[in-house]
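Order of appearance sets the numbers: ligands from 1, and atoms from 1 within every ligand.
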Amino acid sequence: MEVIVRPAADAAAYLVARMIARELRATPQLVLGLATGRTMESVYCHLVRMYREDRLDFSLCRTFNLDEYVGLPATDRHSYRHYMDHNLFHQVNIDRRNTHLPDGCAPDLAAECRRYEDAIRRVNGIDLQLLGIGRDGHIGFNEPLSALRSRTREKALSPRTLAQNAPLFDNPANMPRRAITMGVGTILESRRCLLLATGAEKADIIAKAVEGPITAMISATALQLHPRCTVIVDEAAAGRLTETEYYRWVFANEPEWEPFRDGTDATPPPCPCD
Ligand code: F6R
C-alpha cells in the first residue's frame, strides 16, 4: 500500500482523475471499477473536463460499479445508476452497453449477484478499481463483519451508513436498508486499487484502514493485503496518520510517481461542474 497526501480535496481528486486518465490512455479498453458518493463527484468532474478539453477517450472502456441500492430502479434519482449517468456516463463518449451496475430490482437478487460476478470474470477482471471509504470503514457497501473473501452479494446497511447517506434522500426515511455490493474478495482481485478520501471526518477511519490491524470490522483494512493499492488523501483526511513523513518522501522520490510530480495539482483546472 502507498499513501499520497495532497494539499486539498480538489488536488487529491484531480490526482486520482489524472491516474485514471493515464491508465485509460495506455489501455483504451480498460476495465474500470467505479464508486459513487460525494467524494467521487469531483473525480468524475475532472474526467469530464479531460474528455471535453484533452480528448480523453472512453469509447472502448468498460465499467463495473461497486454497488447499488436494493429496490431503487435506474430511473430513481437516488439510484447509483442515475448518479453514474448524471456525473459521468451521459457526459463522455462511453458506450452505455459497456457500463455495468448490479440491478437492485432484479427479481432474484442472489442470481443477480452471481450474474454480476460472471460478467466481471468474462472481461478478465477489473484493471483499476476506484474506491471511497465510508465512516464505518466500508469499501463498496461492505459493512462491518463483511468476510474478507466475500463476493458480490446483498448486504444490510449499518446504522452509520444509513446516517451518512440518508441526508442525500429527499425523504431520509425512504433510504433503502439493503444494497448489492461487490465483495471484499471481489475488490481484492482487481489488478490495481485507488482509494480516495478527503475531509477531516475521514481522518479517523483512514488512520485505522491504513495503519491499523486487518479486521473484518473495517473492510478497508483488507486493502493492506492488496499488491497494488494507493490511498490518496488530502491533508485533512491524513490528519491522524502517524507515518506521513515517510509517505511524502515516497511520493517525492519514487520513479513511479514522477509523472504526477509536475505540481499541476496544486491549482487544478476548474471543473465544468463547479
Ligand atoms: C459507493 C461506495 C461507498 C462510498 C463511501 C464514501 O459506491 O462505494 O463505499 O465510496 O460511502 O461516500 P462519500 O464519498 O459520500 O463519503
Side-chain angles (χ1 to χ4, degrees), residues 9-10 12-13 16-17 20 32-46 63-70 72 74 76-89 99-104 116 120 126 128-144 146 150 152-169 172 175-184 186-188 190 193-206 208-209 217-223 226 229-234 236-237 273:
D10 197 36
V16 170
I20 295 171
L32 257 179
L34 295 176
T36 60
R38 286 159 278 212
T39 316
M40 294 305 149
E41 285 173 14
S42 56
V43 173
Y44 297 138
C45 207
H46 281 293
T63 66
F64 287 85
N65 266 77
L66 284 164
D67 41 23
E68 179 61 280
Y69 289 115
V70 166
L72 292 192
D76 188 303
R77 67 179 202 85
H78 302 101
S79 72
Y80 284 164
R81 164 55 81 177
H82 182 276
Y83 171 107
M84 290 310 305
D85 285 346
H86 177 76
N87 287 292
L88 186 68
F89 299 155
T99 68
H100 306 273
L101 283 94
D103 178 359
Y116 205 64
I120 295 172
I126 290 171
L128 175 61
Q129 177 65 59
L130 183 58
L131 298 163
I133 185 169
R135 293 197 196 147
D136 66 357
H138 68 213
I139 46 175
F141 272 138
N142 289 289
E143 302 293 44
S146 289
S150 51
T152 302
R153 70 214 183 287
E154 208 187 330
K155 192 78 191 154
L157 301 178
S158 75
R160 270 212 267 180
T161 297
L162 293 170
Q164 178 191 296
N165 286 1
L168 301 174
F169 283 74
M175 179 179 169
R177 301 186 69 94
R178 304 180 76 79
I180 292 181
T181 180
M182 275 188 207
V184 181
T186 321
I187 293 168
L188 290 181
S190 58
C193 286
L194 294 182
L195 185 147
L196 172 65
T198 57
E201 69 279 8
K202 296 283 172 74
D204 230 12
I205 198 65
I206 278 292
K208 287 181 179 146
M217 282 302 287
I218 301 174
S219 299
T221 61
L223 295 170
H226 194 281
C229 175
T230 309
V231 174
I232 298 106
V233 285
D234 65 354
C273 334

Counting only heavy atoms not in Arg38, do more than 12 fall under 6.0 Å of its CZ?
yes

Any idea which atoms of ligand 1 are less than 4.0 Å away from a heavy-atom of Gly37?
14 (O), 15 (O)

I'd like to know if the side chain of Ser150 and the backbone of Val184 have a donor-acceptor N/O pair within less than 3.5 Å.
yes

Can you check whether Asn87's main-chain N or O pairs, donor with acceptor, with Glu41's side chain at less than 3.5 Å?
no

Arg178 side-chain N/O to Val70 backbone N/O, donor-acceptor pair under 3.5 Å:
no

Does ligand 1 have an atom that lies less than 4.0 angstrom from a heavy atom of Gln164?
yes

Where is the nearest protein heavy atom to atom 15 (O) of ligand 1: which residue, which atom, and how far?
Arg38 N, 2.8 Å

Is Asn165 close to ligand 1, meaning an N/O of one under 3.5 Å from an N/O of the other?
no

Starting from atom 11 (O) of ligand 1, find the nearest protein heavy-atom neighbour and note its residue, name and distance.
His138 NE2, 2.7 Å

For atom 13 (P) of ligand 1, the option (of Thr39, Thr161, Leu101) bearing the nearest heavy atom:
Thr39

Do the side chain of Glu68 and the main chain of Ala179 share a donor and acceptor less than 3.5 angstrom apart?
no

So is Lys202 touching ligand 1 or not, going by heavy atoms under 4.0 Å?
yes

So, does Ser219 use its side chain to make a donor-acceptor pair with the main chain of His138 at under 3.5 Å?
no

Ring centres under 6.0 angstrom apart (Tyr83, Tyr69):
no

Which of the atoms in ligand 1, numbered in the order shown and given with their element, are less than 4.0 Å from a heavy-atom of Asp67?
1 (C), 2 (C), 7 (O), 8 (O)

Can you report which non-hydrogen protein atom sits closest to atom 4 (C) of ligand 1, along with the distance?
Thr36 O, 3.8 Å

Considering non-hydrogen atoms of the protein only, which is the closest contact for atom 6 (C) of ligand 1, and what is the distance?
Ile133 O, 3.3 Å

Does Lys155 come within less than 4.0 Å of Glu143, counting only side-chain N to carboxylate O?
no

For the side chain of Asp136 and the backbone of Ile218, is there at least one donor-acceptor N/O pair under 3.5 Å apart?
no

When you compare ligand 1 with Leu66, is there at least one nitrogen or oxygen pair between them that comes in under 3.5 angstrom?
no

Starting from atom 3 (C) of ligand 1, find the nearest protein heavy-atom neighbour and note its residue, name and distance.
Gly140 O, 3.5 Å

Numbered atoms of ligand 1 (with element) below 4.0 Å of Gly132, judged on heavy atoms:
10 (O)

